Amino acid sequence: MLFPIISAILGILAFLPPEASLAFGGPFKFFWPLGFIFLVPLFIFIAKEKSFWKLLAGGLVFRVIFSLGTVYFTLEPILWLFSLPLFLGLPIAIYLIKKLTNFLIKKYNLKYQLLITIYYLLILLPFLWTFFDHFQARFSLFPTYIITAGNSLGSSPFLGLASTGGLILLTFFAALINTIITLIILNFKNKKISVIFSIIAIATLLIAWQISISQLQKNSTIYENLENSLKIAAVSINENFNYSDLEKIKNEIINNEIDFLILPEDIFNNSPQELDLKFWRDFAQKINADLLATGDRRENNKRYDSSVLMDKNGAIIDIYDKNRLTFIGEYWPFGKWTPFYLNWLKKTHPEIKNYAVFNFKNAYSRGNKKLLTIVNSQIQLASLICLEIHYLRDLKDYKKMGAQLFINPTSNRWLDLGLSHFLYLTNNLRKIQSVWLKTPIVSSGVKDFAGVIEPTGVSRLINFENQDKNYGLFIGEVRI
């Protein structure tokens with residue numbers, strides 16, 4: 001089990017934010033290069049191990065340790081119990097491929113049985129890894145795309161590869177390089193073969209780097225040539241934000257004459273109370289700008305987490321109701337049963353008492369996918385509330401529907417331990433999606449960054465933690 005453990009540790013390092021280098025004495029500016037080697041020990045283990053149960057155990061050990069070091073902030077027994085088995089399809093598939101290969105070798109009396117099995121397996125590994133990495137990410141109760149192998153490259157020079165294949169291509173590329181390096185190590189005693197694979201690895205990296213640069217340049221040209229632009233304001237706040245802070249924001253916005261203000265989700269932590277639409281309609285009139293407010297809303301005795309678009313005259317233009325609800329907080333699929341540890345957590349953290357898990361009446365209803373249209377400019381936008389930004393296929397669907405801009409209003413009040421780590425991984429994902437779909441993403445959040453991520457790979461973000469006040473205000477232009 002040593003090799004899976006080594007892979008997990010290297011994987012944890014590969015997904016660390018740059019500021020984590022301070023913990024190591026500050027010699028590293030980034031950790032993403034480890035994304036090209038962290039799977040190598042696991043792949044060696046997979047290639048050589050014959051026992052089904054050891055393969056299964058190795059896969060489980062790797063994923064548990066890796067998850068504990070990357071998404072420890074999501075540690076919840078039921079969540080992980082449903083998520084981890086999805087990844088175990090990989091060692092099961094590996095074992096079945098080995099059995100099939102051995103059967104064919106014996107049937108046709110082929111020579112070099114072990115060599116054939118290993119090479120056949122390694123050829124398939126980039127495809128198998130990509131499939132099961134994304135399979136777990138998509139069908140977990142909590143989306144885990146932020147720890148797919150490709151997301152480790154979201155802040156690397158290879159980001160431009162996402163322009164042609166998104167996160168899936170980056171994941172495949174990372175798995176491919178790991179596979180080639182695995183072949184180099186397995187053939188270390190054969191200098192000729194190891195040199196050939198080394199050349200292949202270097203050539204692949206250089207070609208991919210040049211393709212990435214070229215794709216980002218193309219995206220940049222397209223983006224800079226867009227005729228329309230929107231002057232926006234986005235807000236990043238901490239948990240102490242109050243109405244006096246909002247008054248300061250109002251004055252800054254009025255002085256800058258913006259077109260559109262994007263507010264964080266549940267800016268005043270009013271849940272489960274309804275969004276005060278009258279207040280925000282009046283506010284839109286005061287700042288003379290269109291406004292997007294996100295929070296709780298009730299209609300026909302149903303509760304929604306909604307983004308409400310208002311024009312500068314205070315009129316409600318349209319409403320989007322959140323489509324992807326969050327496990328435990330917004331929906332609970334197990335009826336009236338509540339695990340004992342969540343009841344204990346409620347006593348120590350009373351702010352979660354209104355979660356759906358504790359009272360089915362507080363559960364949210366799902367809305368339908370739809371775009372919102374800013375009337376004056378006829379700009380179509382998709383509001384991806386909180387974790388909805390993590391669902392890749394949804395963003396692609398919205399793009400097909402005609403989305404010209406993605407908005408991501410968030411609230412990370414649920415997160416304390418690991419906040420900077422989560423935000424680093426989430427911003428990696430945002431960058432990949434923006435480059436992939438060639439569409440800017442605007443974030444505005446509680447304990448989150450505010451600003452614009454452009455399809456050029458450029459991020460213009462501010463953070464409330466860098467301010468001497470309870471908020472940070474981003475004002476700038478986004479091209480549409």
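Quick caveat: nothing in here was measured; it's all calculated off a predicted structure.
- Side-chain atoms of T456 and S220 form no donor-acceptor pair, as typed in the model, at a separation below 3.5 Å.
- Inspection of the Y341 and E76 side chains reveals an N or O donor paired with an N or O acceptor under 3.5 Å.
- Atoms NZ and CE, on K396 and M401 in that order, are 15.0 Å from each other to the nearest 0.5 Å.
- Sorted by first then second residue, the salt bridge (Lys or Arg N to Asp or Glu O under 4.0 Å) pairs that include residues 135-164, not counting sequence neighbours, number zero.
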Checklist line | Chi angles and distances behind the side-chain hydrogen bond (donor to acceptor under 3.5 Å, both in side chains) call for S163, K438 | finding: CA-CA 7 Å; S163 181; K438 301 168 183 59; 3.2 Å; yes
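- When the shell of 6.0 Å around NZ of K312 is examined, it contains 12 or fewer heavy atoms from other residues, nucleotides or ligands.
- Between F62 and W129, the ring-plane angle classifies as perpendicular under the 30° and 60° cut-offs.
- Judged purely by atom type and a 3.5 angstrom limit, N242 uses its side chain to pair as donor or acceptor with the backbone of S244.
- When all heavy atoms of A363 and R303 are compared, the pair lying nearest together is O-CB, 3.8 Å.
- The shortest side-chain heavy-atom distance between I389 and Y145 does not fall under the 4.5 Å cut-off.
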Item checked: Audit row: R460, E454, salt bridge (Lys or Arg N to Asp or Glu O under 4.0 Å) steps and yes/no -> CA-CA 8 Å; R460 295 184 287 138; E454 300 175 353; 3.0 Å; yes
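- Listed for the T294 side chain is no donor-acceptor partner under 3.5 Å among the backbone atoms of E265.
- Between F334 and F82, the two ring planes are tilted [angle within 30° to 60°].
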Check: Passes ring pair (Phe, Tyr, Trp, His ring centres under 6.0 Å), F142 versus W80? Steps please.
Finding: CA-CA 9 Å; F142 188 102; W80 282 37; over 10 Å; no
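- Between S307 and P409 the shortest heavy-atom distance is OG-CG, 4.1 Å.
- Using a 4.5 Å heavy-atom threshold, the side chains of K447 and D416 count as touching.
- T130 and T171 form no side-chain donor-acceptor contact under 3.5 Å, judged by distance and modelled atom types alone.
- Using a 4.5 Å heavy-atom cutoff, the side chains of L216 and V435 are in contact.
- Counting heavy atoms of neighbouring residues, nucleotides and ligands inside a 6.0 Å radius, atom CG of N251 exceeds 12 of them.
- Between D259 and S377 there is no side-chain heavy-atom pair separated by less than 4.5 Å.
- Within the 4.5 Å cutoff, the side chain of W32 has heavy atoms near those of the P157 side chain.
- In this model, a donor atom of one side chain and an acceptor atom of the other lie less than 3.5 Å apart for T410 and D448.
- By the 30° and 60° cut-offs, the orientation of the rings of F132 relative to F135 is perpendicular.
- Residues V308 and I316 are in side-chain contact: their nearest non-hydrogen atoms beyond the backbone lie under 4.5 Å apart.
- A donor atom on one side chain and an acceptor atom on the other are found under 3.5 Å apart for K322 and T326.
- A donor atom on one side chain and an acceptor atom on the other are found under 3.5 Å apart for R430 and N408.
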Next item on the list: Decide ring pair (Phe, Tyr, Trp, His ring centres under 6.0 Å) for Y355 and F327; before the verdict, give the C-alpha distance in whole Å, the side-chain angles of both, and the deciding distance to 0.1 Å.
Entry: CA-CA 10 Å; Y355 280 9; F327 179 62; over 10 Å; no
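- Between the side chains of Q433 and Y391, no donor-acceptor pair of N or O atoms lies under 3.5 Å.
- In terms of modelled atom types and a separation under 3.5 Å, the side chain of T439 and the main chain of Q404 share no donor-acceptor contact.
- Residues L261 and I287 form a side-chain contact, since some pair of their non-hydrogen atoms from C-beta on lies under 4.5 Å apart.
- Remark: aromatic rings of Y72 and H421 are close, center separation under 6.0 Å.
- Below 30°, between 30° and 60°, or above 60°: for F173 and F158 the angle between ring planes is between 30° and 60°, a tilted geometry.
- A donor-acceptor pair shorter than 3.5 Å can be found between the side chains of N470 and D245.
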Check: How far apart are the C-alpha atoms of I385 and Y320, what are their side-chain angles, what is the distance that settles it, and do they pass the side-chain contact (heavy atoms from CB on, under 4.5 Å) test?
Finding: CA-CA 9 Å; I385 301 172; Y320 163 74; 4.0 Å; yes
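- Between F127 and F172, a ring centre-to-centre spacing shorter than 6.0 Å is recorded.
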Checklist line | Stepwise side-chain contact (heavy atoms from CB on, under 4.5 Å) test for D296 and Y304 | finding: CA-CA 6 Å; D296 279 18; Y304 297 95; over 6 Å; no
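- Contacts of E257 classified as salt bridge (charged side-chain N to carboxylate O under 4.0 Å, His left out), with partners at least two apart in sequence or in another chain: none.
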Checklist line | Verdict with reasoning, S459 to K431, per side-chain hydrogen bond (donor to acceptor under 3.5 Å, both in side chains) | finding: CA-CA 8 Å; S459 299; K431 284 187 281 187; 4.8 Å; no
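- Salt bridge R393/D397: absent, no basic N to carboxylate O contact under 4.0 Å.
- Heavy atoms of other residues, nucleotides or ligands lying less than 6.0 angstrom from CH2 of W209 number 12 at most.
- Put simply, the side chain of N151 gets close to the backbone of L429: a donor and an acceptor are under 3.5 Å apart.
- Ion pair D133/R63 flagged as a salt bridge, since at least one NZ, NE, NH1 or NH2 atom sits closer than 4.0 Å to an Asp/Glu carboxylate oxygen.
- Aromatic ring centres of Y331 and Y364 lie farther apart than the 6.0 Å criterion allows.
- Taking 4.5 Å as the limit, some side-chain heavy atom of I374 sits within range of a side-chain heavy atom of L230.
- Scanning all heavy atoms of the two residues, the minimum distance from E252 to K469 falls at OE2-NZ, 3.9 Å.
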Next item on the list: Quick one: do F464 and F449 satisfy ring pair (Phe, Tyr, Trp, His ring centres under 6.0 Å)? Show the steps, please.
Entry: CA-CA 7 Å; F464 66 90; F449 293 92; 8.3 Å; no
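- In this structure, L263 CG and F268 CZ are separated by 8.5 Å, a value rounded to the nearest 0.5 Å.
- The salt bridge (Lys or Arg N to Asp or Glu O under 4.0 Å) test with D321 singles out one residue from R366, R297, K302, R298, and that residue is R297.
- Taking CG of L381 as the start and CG of L405 as the end, the distance is 5.5 Å to the nearest 0.5 Å.
- Side-chain polar atoms of Q215 and T164 form no donor-acceptor pair below 3.5 angstrom.
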Next item on the list: Please lay out, stage by stage, how V442 and F406 fare under the test side-chain contact (heavy atoms from CB on, under 4.5 Å).
Entry: CA-CA 6 Å; V442 177; F406 293 122; over 6 Å; no
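- Here CD1 of I78 is found 6.5 Å from CG of L342. Values are rounded to the nearest 0.5 Å.
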Next item on the list: Please lay out, stage by stage, how L473 and K248 fare under the test side-chain contact (heavy atoms from CB on, under 4.5 Å).
Entry: CA-CA 10 Å; L473 179 64; K248 297 174 185 177; over 6 Å; no
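- A distance of 4.5 Å separates NE2 of H134 from OG1 of T148, quoted to the nearest 0.5 Å.
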